[in-house]
Amino acid sequence: MEILSVQNLSFSYPKSKNYQLDNISFSVKKGNFVLLSGISGCGKTTLLKMLKPALSPFGKIQGQIMFENYDIKKIDENISAFKIGFVMQNPNEQIVTDKVYSELAFGLQNMGLSNDEVQRRICETSDFFGISNLLYKDISVLSGGQKQLLNLASIIAMNPTLLLLDEPTAQLDPISSTRFFDMLLRVNQELGTTVIIAEHRLNELWSISDKIMLMDKGCVFLNDTPNQVATDIKTKFSDCDLIKSLPAPIQIYNALDIKSKCPLNTRQARDFLSDNFKNDIKSLPKTGYKHSDKIAIELDEVFARYEKNHPDILKGASLKVFEGECVCILGPNGAGKSTLLKTATGLLKSYAGKIKVFDKKIEKYKDNSLYEYVNLLPQNPREIFIHQTVDEDLNQIKDHKKYTDEEFCKIKEQACNMLEIDSFLSMHPFDLSGGQIQKVALAKLLLQKPKILLLDEPVKGLDEYAKQELLQIFKKLNQNNITIIIVTHDVEFASVVANRCAMLWDGQIVSVDVANRFFSNNSFYTTNANKISRHIFDDAITCDDVISLCKRNGGDTK
């Protein structure tokens, strides 16, 4: 039985010459788990919002959407609100109260349920999601993973028949993401809730999905079972930008000439390697890393908190980052990663410890002169935009930096070409996808010619193709002696962009090492390629590493 039918759906934003959605048709069976993926800006978020009338964007719409055999535009607002749930990328954007219990009760009370029914549903839902111990806590003290789980629980308490999720784990650490996906699968299997989830993290979701929908340029070009999509994308779309975004097992299989069934998850991929390859050569030749002797930024036993009587967030954090290197900081939600970046720029003042930028204490930089050296891209890049178009925001830098017209035109053109954002200049920043706004925000920072870039989750919402573009940009910036510190939950990206990686845990830097050793010695904060291959190869961190070792060992079975 179909729960959703979309026929010939097209959509364009006001003043846009292009369709964001272009003649899309598909159907979803009741109880299905559907994974929606595609490169940044392909239309995933727009499509999901079109399926939730209250969130449907303003613009030119053609085609028809049927939900439970009714035209979605004619469905009663209350029915739509309660039957179609939506989980957003940023957990803070969806929370409406200040207490966990109140948040769970909010939707139920709006449904007009009795107090007894509200309490009963809160009890069973909080127990199901394992958050009963959080019921009377302030939401402000929750980690990002807990907030996102609360968002999911608040929606499921209302018993929706269709659940839409727009990159819900973009701001979650690897362990929290896995927990969230596990709970989402239980919701689908035990409650029968139909799930459509847009995600770039495909490794955990590909093999458990009933259908995979792949989008490009506003169109759905593949919509089939996981096995069939894996086959079709290799045989029919081998030049597709999504190839590098495929789960690690499929990438590794596609690159090797082995006649066997394609593995879809980590366990199957381990068996695939064990069954088909020797391991006489266990590791690739090591390439050493030597950093500059010049320290760009140094934190020494730094303590910081947001309020005088609140607990410390940073608890003696120490880190040295050298000029021209890229350091990635990883760790669980709530460990203090964003706080560390804010403290390093003086946006949050530490109450103990020392912070130096190019061997000068940050408090010695007067009249905002520190920001001639250091620039921060916050976790929510929309915070740095104040104008109606991207172009107006970029042009704001000209007067601030006192560029001549000729100078500004040159550096603006370079930034726009480097990041490929020319087509976004006339758009409102808030109309851009998560990946697009990350790129234009980075352009705004680069126009200021900083010597140190602090980036808080710069690749969230980006597909693998866009990440590869950023990787090349960051490498080029490093070659020009620009120092980059990246806070990220994306271990795959960190493994290829970072010279060194640091683990922040409970307000302290507990470990710093070169990227290869860092990920080789971790069990959970490591790449999928490493999880797949560590039983047979040493120090293989990327899919390319695994593929190279397989080829060096030959395709003979053991």
Side-chain angles (χ1 to χ4, degrees), residues 3-4 30-31 45 48-57 65 67-68 70-169 171-172 176 179-180 182-197 333:
I3 189 173
L4 187 70
K30 190 171 184 179
T45 297
L48 287 180
K49 288 184 175 179
M50 297 291 290
L51 305 180
K52 174 79 171 174
L55 299 177
S56 184
I65 303 172
F67 172 68
E68 294 185 337
Y70 291 96
D71 188 330
I72 203 165
K73 291 183 291 187
K74 299 178 182 178
I75 293 176
D76 180 87
E77 288 184 4
N78 287 330
I79 294 176
S80 167
F82 305 137
K83 282 204 164 191
I84 304 175
F86 199 107
V87 177
M88 300 178 181
Q89 183 181 117
N90 186 345
N92 292 317
E93 291 181 358
Q94 200 160 349
I95 290 169
V96 295
T97 68
D98 59 352
K99 299 282 188 183
V100 172
Y101 185 94
S102 301
E103 190 68 21
L104 289 168
F106 182 81
L108 301 174
Q109 291 167 341
N110 280 297
M111 291 175 69
L113 301 180
S114 67
N115 287 336
D116 282 353
E117 179 70 6
V118 168
Q119 290 183 25
R120 188 163 68 248
R121 288 206 192 185
I122 289 175
C123 288
E124 68 167 0
T125 303
S126 62
D127 194 35
F128 180 85
F129 283 92
I131 58 174
S132 298
N133 61 320
L134 304 177
L135 277 181
Y136 303 104
K137 287 187 177 291
D138 289 336
I139 291 176
S140 61
V141 305
L142 302 186
S143 70
Q146 289 170 329
K147 287 179 182 177
Q148 199 64 301
L149 203 58
L150 173 60
N151 281 333
L152 180 59
S154 300
I155 291 166
I156 295 304
M158 295 185 287
N159 291 333
T161 54
L162 175 63
L163 179 61
L164 311 171
L165 304 100
D166 186 16
E167 296 185 40
T169 66
Q171 297 187 29
L172 303 188
S176 296
R179 288 172 181 159
F180 186 88
D182 289 344
M183 191 57 66
L184 187 60
L185 182 60
R186 284 191 64 195
V187 166
N188 171 251
Q189 293 183 340
E190 297 182 28
L191 305 182
T193 307
T194 305
V195 173
I196 303 178
I197 177 171
N333 293 96

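Computed over heavy atoms, backbone and side chain alike; hydrogens, waters and symmetry mates excluded.
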For [X], all residues meeting side-chain hydrogen bond (donor to acceptor under 3.5 Å, both in side chains), sequence neighbours excluded:
| X | result |
| --- | --- |
| Ser176 | Asp173 |
| Thr169 | Glu199 |
| Thr97 | Glu103 |
| Glu190 | Arg186 |

With a 3.5 Å distance limit and no angle check, can you tell me whether [X] reaches the backbone of [Y] through a side-chain donor-acceptor pair?
| X | Y | value |
| --- | --- | --- |
| Asn151 | Pro91 | yes |
| Gln89 | Pro168 | no |
| Thr194 | Gly31 | yes |

Report task. Keeping to residues at least two apart or across chains, list the salt bridge (Lys or Arg N to Asp or Glu O under 4.0 Å) pairs with something in residues 147-163. Result -> none
Query raised in the report: Tell me the salt bridge (Lys or Arg N to Asp or Glu O under 4.0 Å) pairs involving residues 105-129, sequence neighbours left out?
Result: Glu117-Arg120, Glu117-Arg121
Can I get a per-line list of side-chain donor-acceptor pairs under 3.5 Å for residues 76-87, giving both atom names and the distance, sequence neighbours left out?
unit_1 : atom_1 : unit_2 : atom_2 : d
Asp76  : OD2    : Asn78  : N      : 2.9
Asp76  : OD2    : Ile79  : N      : 3.4
Lys83  : NZ     : Glu68  : OE1    : 3.2

Requested in this report: Please check if atom NZ in Lys49 has more than 12 non-hydrogen atoms from other residues, nucleotides or ligands closer than 6.0 Å.
Outcome: no
Query raised in the report: Would the number of heavy atoms belonging to other residues, nucleotides or ligands and lying under 6.0 Å from CG of Asp71 be above 12?
Result: yes
**Report entry** Heavy-atom pair of closest approach, residues Leu135 and Val100
**Finding:** O-CB, 3.5 Å
Query - Contacts of type salt bridge (charged side-chain N to carboxylate O under 4.0 Å, His left out), residue Asp138, not counting sequence neighbours - result: Lys99
Requested in this report: With the side chain counted from C-beta on, respond yes when Phe128 and Val187 share a heavy-atom pair under 4.5 Å apart, and no when they do not.
Outcome: yes
Query raised in the report: Which residues pass the side-chain contact (heavy atoms from CB on, under 4.5 Å) test with Thr125, sequence neighbours left out?
Result: Phe129, Ala153, Ala157
Query raised in the report: From Gln146 CD over to Leu134 CG, what is the distance, rounded to the nearest 0.5 angstrom?
Result: 5.0 Å
Report summary line: With sequence neighbours left out, the residues meeting ring-ring contact (aromatic ring centres under 6.0 Å, His included) with Tyr101 are Tyr136
